[in-house]
Number of protein chains: 2
Amino acid sequence: MAKKYEQIEKCDCDVIHQDIVNAVKDKMPREETLYDLAELFKVFGDSTRIKILWALDESEMCVCDIAVLLNMTQSAISHQLRVLKQAKLVKSRREGKIVYYSLDDDHVRQIFDHGLTHINEE
Amino acid sequence: MAKKYEQIEKCDCDVIHQDIVNAVKDKMPREETLYDLAELFKVFGDSTRIKILWALDESEMCVCDIAVLLNMTQSAISHQLRVLKQAKLVKSRREGKIVYYSLDDDHVRQIFDHGLTHINEE
DNA sequence: CAAACATATGAACACTTATTCATATGTACA
DNA sequence: TGTACATATGAATAAGTGTTCATATGTTTG
């Protein structure tokens with residue numbers, strides 16, 4: 001979504017906390033880095049893609065297998081695999097007419113684990 | 001988005017890979033768990049919220065400070081802080097008319113770190 | 001080469017979501 | 001108590017997104 005940040009009205013407490021705000025501002029990573037980070041998490045933010053990643057963490061699978069496993073259309077799975085591939089989270093190899101997908105990254109499980117730890121803490 | 005999964009047409013390769021598909025199906029976590037996990041990552045999947053979390057990881061801040069820091073309206077920040085609070089990622093304390101927000105969770109930095117590791121790997 | 005199968009892709013649609021605007025709520029202080 | 005400040009919130013709107021449908025591409029096999 002395009003965000004048209006508008007200049008905000010200054011408030012008084014900003015003046016009081018000026019030092020803190022400036023210190024944080026100096027430490028903030030580049031705009032682009034934070035944007036990329038959000039884009040990555042956005043890919044994890046869909047239950048279909050989460051399921052696909054989880055499945056592929058168990059075993060390499062072809063598009064059709066995943067579709068059957070998740071009870072979804074081949075087209076829907078294919079579209080999502082493209083998103084995952086663009087995010088470099090999965091890779092594919094072709095064997096005849098069948099295309100096998102697998103995880104392209106060993107961070108996936110770690111990211112999952114931290115997420116799970118959070119939601120399990122009530 | 002509401003997903004109206006439709007029954008998919010069976011494919012041949014599913015029959016071939018039946019054992020694998022069934023094995024993965026047995027290991028899959030509960031539907032609800034994966035849904036919650038996706039919901040959590042969805043919260044991380046917005047650059048405004050990422051910036052807020054990053055800022056709060058540096059220092060406790062009030063709504064107005066964050067608005068100034070990110071050059072956004074107080075309203076926009078307040079809306080996003082609500083999302084973060086509902087996800088139990090931030091907590092707040094009131095001191096007079098000022099409400100200070102801070103991280104409610106020490107996983108945030110770890111989740112960030114893994115995300116960064118991924119995007120930094122080209 | 002034709003037919004069947006596996007996958008990919010573009011357009012359309014319904015649904016979701018982030019911001020803005022207006023305004024309400026809560027607090028301090030004169 | 002009234003005014004100013006800090007924050008919260010509901011409605012509206014524009015932009016984004018996931019699935020479906022139709023169809024294209026690529027591969028194997030007869």
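Throughout, protein chains are lettered first and strands after them, A, B, ... in sequence-line order, and every chain is numbered starting at 1. All heavy atoms count here, side chains included; hydrogens, waters and symmetry mates do not.
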Any donor-acceptor pair under 3.5 Å joining the side chain of B/H79 to the base of C/dT20?
yes
Taken to the nearest whole Å, CD1/B/I66 to P/C/dT19 is 13 Å
Whole-Å distance, A/R49 CZ to D/dG16 C1', equals 12 Å
Expected string for nucleotides 24-30 of chain D under the B/S/- scheme (protein heavy atoms, under 4.0 Å, primed atoms plus P, OP1, OP2 as sugar-phosphate) is --BSS--
(Q) Looking at A/D65 and A/M61, would you say the former's side chain and the latter's main chain have a donor-acceptor pair under 3.5 Å? (A) no
Closest to the side chain of B/A76, out of C/dT20, D/dA8, C/dA8, is C/dT20
note: A/I98, atom CD1; C/dA8, atom C1'; distance rounded to Å ~ 16 Å
Taken to the nearest whole Å, OH/A/Y100 to P/C/dA6 is 10 Å
What one should report as the nearest heavy-atom pair of A/I98 and A/C62 is CG2-CB, 3.4 Å
A/R93 atom CZ is separated from C/dA6 atom C1', nearest whole Å, by 15 Å
Taking atom types as they are modelled, is there a donor-acceptor pair under 3.5 Å from the base of D/dA6 to the side chain of B/Q74? no
Quiz item: Quick one: is A/T73 getting a side-chain N or O under 4.0 Å of the D/dT20 phosphate, OP1 or OP2?
Solution: yes
#### Entry: Quiz item: A/S75 side-chain donor-acceptor pair to D/dC21 base, under 3.5 Å
yes
To the nearest angstrom, the CZ-P distance between A/R82 and C/dT9 comes to 5 Å
5'-most contact on DNA chain D (nearest-nucleotide basis), A/G45 vs B/S78, goes to B/S78
I'd like to know if the side chain of A/T33 reaches the main chain of A/P29, judged simply by a donor and an acceptor atom lying under 3.5 Å from each other, with no hydrogens or angles considered. no
When rounded to whole Å, the CZ to P distance for the pair B/F44 and C/dT17 reads 17 Å
query: Are A/Y100 and B/H17 close enough that their ring centers fall under 6.0 Å?
result: yes
In whole angstroms, the gap separating C1' of C/dT19 from CD of B/Q80 amounts to 9 Å
Query - Polar side-chain atom of A/K91 near backbone of A/K85 as donor-acceptor pair, under 3.5 Å - result: no
For A/Y101, the ring-ring contact (aromatic ring centres under 6.0 Å, His included) test, sequence neighbours excluded, returns none
For this session: Assign B/Y101 to base, sugar-phosphate, or nothing according to its heavy-atom contacts below 4.0 angstrom with the strands shown.
Result: sugar-phosphate
Worked check of side-chain contact (heavy atoms from CB on, under 4.5 Å) between A/L69 and A/I52: CA-CA 9 Å; A/L69 175 68; A/I52 294 175; over 6 Å; no
